[in-house]
Amino acid sequence: MTEFSPRIVAFCCNWCSYVGADLAGTSRLQYPDNIRIIKVMCSGQVFPSYILKALELGADGVMVAGCHIGDCHYVSGNKKAQERVETLLRVMKTLGLDPRRVRLEWISASEGVKFANTVKEFVEEVKELGPNQLGVRE
Amino acid sequence: MPHAGRWQVNEMKSVLVIGGGIAGIQSSLDLANRGYHIYLVEREPSIGGHMALLDKTFPTNDCSMCILAPKMNECNAHPNIDILSYSEVMDLSGNAGDFTARVQRKARYINEEKCTGCGDCTARCPSKVPNEYNGNLDKRKSIFLPYPQAVPRVMTIDREHCIYLTKGKCGNCKKVCNAGAVDYEQKDTFVDLNVAAVIVATGFDMFDPTHMQEYGYGKYANVITAMEYERMICASGPTGGHLETAPDKEHPGKIAFIQCVGSRDLQHNPYCCSVCCMHAIKESILAREHYEDIKPYIFYTDLRAVGKGFEEYAVRGEKEYGIKYIRGRPGQIIEDASTKKLTVWYDDTVNRKVKGLEVDMAVLCTSLIPAKGSDKLAAILDIELDEYGLYKSRDELTAPLDTRRPGVFIAGYCQSPKDIPESVAQGSGAAARATEVAGGAYI
Amino acid sequence: MTNIGVYICHCGTNIAGVVDVEALAKRVAKLKDVSLARDYKYMCSNPGQDLIRDDIKHRNLDRVVVAACSPRMHENTYKKVLASAGLNPFLLEIANIREQASWVHLDKEKTTNKAFDLINMAVSKVRMDEPLTSMSANVIQRVLVIGAGIAGIQTSLDIANIGYDVVLVEKEQSIGGRMSQLGKTFPTLDCSACILTPKMVEVSSNPRIKLFTYSEVEEISGFIGNFKAKIRKKSRGLDESLCTGCGLCQEKCPTRVPSEYDEKMGKRKAIYTLFPQAVPNIPVIDRASCLYITKGKCGVCKKVCPVGAIDYERGDEFIEEEVGAVVVASGFDPFDPTSKEEYGFGIYKNVITGLQLERLLHAAGPTQGEVVRPSDGAVPKRIAFVQCVGSRDEHANKYCSRVCCMYAIKNALLIKEHHPESEIFIYYIDIRAFGKGYEEFYKRAQEKGIKFMRGRVAEIFEEPASRNPVIRADDTLLGMVTENEVDMVVLSVGMIPRSDSSRIQKMLGLAASPDGFFMEAHAKLRPVDTLVDGVFLAGTAQGPKDIPDTVAQAKGAASGALGVVSHKALLLSPLISEVDERLCRGCGDCKDVCEYGAIELVTLDTRKVAKINPAICKGCGSCVVACCNGSIKLRNFTDSITFAMLEAALGGAL
Amino acid sequence: MKQIIKRTKAYYCVECGKCSGSCPVARVNEGFSPRVIVERALSGMKGEIEGDRELWTCLTCEACTTKCPSTVKFSEFIRGMRSSAFNSGYTSRCSQGGLLHSIQRVQSYRDLVQNRLQWISDDLKTSTEGEVLYFTGCLPYFENLFSGFVNPLEIARSTVKILNKAGISPVVSPNERCCGHDLLWTGNVETFQKLARLNVEMIKESGASRIVTSCPECLRTLKLDYADFLEGTDIEIVHISEFISSLIKNNDIKLNRAGIMTYQDPCRLGRHMGIYDAPREVIKSMGELVEMNKNREESSCCGVSAWATCEGNSKQMQIERLIEAKSTGADMLVTSCPKCLIHLRCAVHNQIPVEKEKVDIPVVDLTVAACRALAGE
């Protein structure tokens, strides 16, 4: 049996986290290849439904990454993202889905290292959680 | 054909005609003029049927009563016709050529021989009840003539409402009757009639739209039925020919005529009543003749102007009388509680637009349904009903007026939906068929 | 039919070293709607660009995906390629397979797989992208400056001197603002008027500056490039076009009332100018104190006016001005220490504020520069300055007003220069001498024998007989409570937002910082911008600052405003939100979350629907998520696009 | 499509337009006309119907179906066409960015272990097996999403409390799944069937012979759309309003007077299931019932169905309905559907296009009102 290789989707905001991810690249920092980044303009643009849909489609982990609180390019989009993720976590709890599969991170444009480390950490954590049950097709 | 065959019947000269509407009247007169004796049995106190309640007739706008009343009087005066009004057939035995019909003559508490129809009694009667002959728009007394031209011109006491009959008090009518015709002790009687043939012409009743909640009939004051409208616009009707709307009795500015209320409706009566399109056009024209500023709207599904001169009548309605025809069956009527104005919601299917039209009055052109008691009568006569409750012809095409029981014929609306000219034609046709039996011919 | 072309860049070996680009191109070519997939050494090179251009033209591509470096590097390059080939530049997507794949992973197979997914995601997106066109909005090439203190004056002059028109609106009857009230300025002890007056004159003579004094902006509508301002020009009770500023009326007016300009340390007439160098030099009739207006008597000014300018009945005028940008330089008010009862201001006559001392020290002030005690007119020998009055105070304003340390030292020095024998105490928490030459200035004060007492003043009370204020303070360096009887106390009051600032804030849709001053768009990076595009801040309206900082910021604001009005038209990003009016329920949730005020509710038939102003919307998508039923979409970032990308990322639909 | 036409008797259509004339949506939305959709179907325009946004506009409220002179089952027709469109790759819109349908789809995964019973407080008696099963529906999820302006779980608690009062300790199963109503009505038949199978398993395991629902949509779905799945069982499915009204009739419970009420007939309970009287009897036993102008069969829909049809016009319908309710003079508007409750409350959330006084009437669930009025509580 091959080792479980989680599938992870990250929503990264255009101004901070996506740039942070780029910085990880320009700094040649290595991190696991399990992650697929979707660029959004702002973390506040991420609907709770995007996350649940990703889980439905079999993602083993979903990350939402935005600017640090106070640094949002759009003033408060990240605060809104936080509230929205909290709503989703409530729903996930009722659904019996593990909230640890969803992660909200603040990663600035200068935090290439944090980006790489966060991905490493998250991949490890998701590996421990095992495959997302919704990804197992009947 | 189970009844195919030839046989000869006895030389009998009486024919029973059940139903004294225009079809039955026509049959009776035709037969009577040919020398047959007619028992014309009518459930109501007067013959005349629904036609007597209409104001005018399409497409000529003839006054309905003007053409009907002479025929009614002719029946009354005809030596060969016995009118048994306020009576019902209870049994029919025997075979074609030799039937025995038992007729219940309901007690009208009036000696028909003595009553002169002077009306003194009505004037003194203290009991007022809704007048079903005027669409309940006004009141009549408990001792009454349905309308002034009633035939026979004999009073009837409504046993359900008469104070004397219900409570033993009053007796005014008896006191004032100079002819001494009032007889509270009168009982229902039964007579057996020997007849060679029977013609059933029991006509129709009006569909009650109350439970079609979407139109709010019974709930909204300005939603009325076409029959009520006929009475209202009739000069001898309850409002003297004035169209009145709530709350201030003003005549309406806009009237919506809604077709197919209960007809062409698989939830109610699937068939087309064949007259509503035309009577709505007629009623619209009448409205405009009464008030120039009325705007009539006719909501139709298909405008069925299929008789002689009908299409021309419809076109004239639009061109000369400003009728607006709208193709679409309204889905809902909503009343503004304060103004009592109505909004008719409909799909203008030609322009593909759902709209709300505010009107002052909505006239529901309700379905014409089998007359009440048709099923009972069918059982008595041992004839069949069709799926809609109308009497079934032995064969729709080749023997439309025959029933499955030889010697029993049907005519008029009770056979299938039709208008006045067709009813008259069928009345005559049924008379011809009856002649064959009563005259001893082969059928 | 969609024809997508995919271009995979080798980036030398940067990508090709880890990603098997050739195999990848073959796999990608099989994706739905992809009509060709090529790999090339350097896509960003001219031949690479030509490759795309030719394919668009000859292979009828209608959408393009470039798999290369981060979109932050070359997205614009490729957009231009598309545009030059006649394709809408928004039909381009970049798959970031360098920074987010080849540079961060080593395993060739896995990285190639990831690159494939990233390209697949980009293909899924580009397939659904809509062609967008940037809208342009005309710009009215003039600037409105609100407030004509030093900040507003500097901004206006800068803009006018570069060649753009300015509408300058000042609430008071003369321009000059707070700086005109000051005698000298720290740390150079320049005479305030000497440096300010020339600028004021320049304003009045500059043909590009349209000056409205004794006027207020009542309403502003519109958006960047197209603002409309309604200005109320208050009645001065005279015809300005006739008045020559001769001053005869002022001289003859019999009414004397306390002068606000002099901080009530002196008197003025009912018809008056603020100060002799006022610009414009036209008086105003104070309707509250004028005898003629209040009682119908007098009328002296009218009688003496040689040009017949006086017109008691004159009403306010309203003027509309159209501008492309707005600079708010509405300044500050001094903190009113009455509420700090422990200091006894308003109770003890010999407790005055720093600004009152400024007027006393001013050569053209009520005492012609002589500092005297309000109670008896005597020259005070012992003077105490109390710092941080109303500032750095949990019960008043938490912030530091930045100027009080320096102005107290300046005034202490000035007194000491006039009367070397006087004893001066400054009660402080920290001496914040943080500017160029400031620390030296502080040293100079210490050299002159000014005593700095570290400790907050607990209480001031009065010796009834002498009316001398006594200061009780906790001397934190000595560790004891001290009492100090002085002749006069000067409260170094801080700055607070101008009394009408909340009105201006609402009018312009600005945000306010917790301290009540106008909030800048970004504390560090956009200090003169606001969240409302086209509106800029200058001077103390944004927060306490001294004159050099104010002037610097004013120049910054001028530059910001010029950045708008120097264009004839503005190109608006089309990557913004749009409302499906049919779906919109008009609940206003989107309006509430929009930080830019880009959304308003408008009436559509009988309904209310949200309307997004494309000139203001920044395309953040906050409103999209706030909308309960999906009536708003962010162009080319729709739900369906995201779902399609997710499916591509996670390999297949459910 | 031919089968759908046949099944729904669409071929009977005479294009009289009564459907569109009675359609609450067509009245406010020019583009939508049930008649035109049927007309197109009859002309064989399958692709056009599937691709038409209006296919998803229908509320399936059955205002037309109950009146159609040709007895065309329009809402079933729409359901069929939606399923056909779904299979062709079209999807409905869904409020909350698709979250609601997503939650429902997730529940179709067999191995899911939900946490849906957190609301059962100590004072409520429930069982794991028994004769009566309470099907809670989406209430726990609604609580997650809409607790800002409604209190969905109070409906569940009130239902159990009333059942307890009648001496019943109902089965409330952690394995209950969404009934699938919304997915079924937005064309996702496959997932609906998965949900149905899981629920039927759960029901069978519980040993219940009677199911009580507090949601008319669950009622309709279980009673009509689960018929095939429940074949061979003899399970009675009742709405809580029927249940309470029978308790009142038998004098098993007594309700205190709770004021003047007007009643919103939920489409699924009224027109779909013909239950008009039971909730009215409950109301009459605890107060005075004043009817709105449009009631029973003529009742207006709350404006949104299956979370797929929320539009500006829905709000118009909701506001009109609230105005109608307010103008009756009633103290509260009672409904017996959690979704009616949510939609009518949502309508007055934040900005409203009319004066607040006109729509200012509390909206209360029937069960909650009844529970509050329980005598001796």
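Chain identifiers are assigned alphabetically (A, B, ...) following the order of the sequence lines, protein sequences preceding nucleic acid strands; residue numbering begins at 1 within each chain. Small disclaimer: the values here were computed from a predicted structure and weren't measured.
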| side-chain hydrogen bond (donor to acceptor under 3.5 Å, both in side chains) assessment of D:R82 paired with D:S92 | CA-CA 8 Å; D:R82 284 180 181 173; D:S92 71; over 6 Å; no

| task | Might you work through the side-chain hydrogen bond (donor to acceptor under 3.5 Å, both in side chains) test for D:Q104 and D:H181, ending with a clear yes or no? | result | CA-CA 9 Å; D:Q104 293 164 358; D:H181 172 276; over 6 Å; no

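Taking 4.5 Å as the limit, some side-chain heavy atom of D:T126 sits within range of a side-chain heavy atom of D:V160.
For A:E125 and A:R101, the salt-bridge test fails: no basic side-chain N is under 4.0 Å from an acidic carboxylate O.
At most 12 non-hydrogen atoms from other residues, nucleotides or ligands lie less than 6.0 angstrom from NZ of D:K125.
Using non-hydrogen atoms only and a strict 4.5 Å limit, the part of residues 19-50 of chain A facing chain D consists of A:F47, A:P48, A:S49.
Neither the backbone nor the side chain of A:I51 has a heavy atom closer than 4.5 Å to any heavy atom of chain D. Of the two parts of A:L55, neither the backbone nor the side chain holds a non-hydrogen atom closer than 4.5 Å to a non-hydrogen atom of chain D. Contact annotation for D:Q96: only backbone heavy atoms (N, CA, C, O) come within less than 4.5 Å of a heavy atom of chain A.
D:T57 and D:E54 form a side-chain donor-acceptor contact under 3.5 Å, judged by distance and modelled atom types alone.
Taking the ring centre of D:W56 as origin, the terminal cationic atom of D:R79 falls outside the region bounded by 6.0 Å and 45° from the ring axis.
The choice from D:V113, D:L117, D:L145 that makes the most heavy-atom pairs within less than 4.5 Å of chain A is D:V113.
The side chain to side chain donor-acceptor pair (under 3.5 Å) analysis of residues 137-157 of chain D, with sequence neighbours excluded, yields the pairs A:T94-D:N144, D:Q114-D:Y141, D:E154-D:R372.
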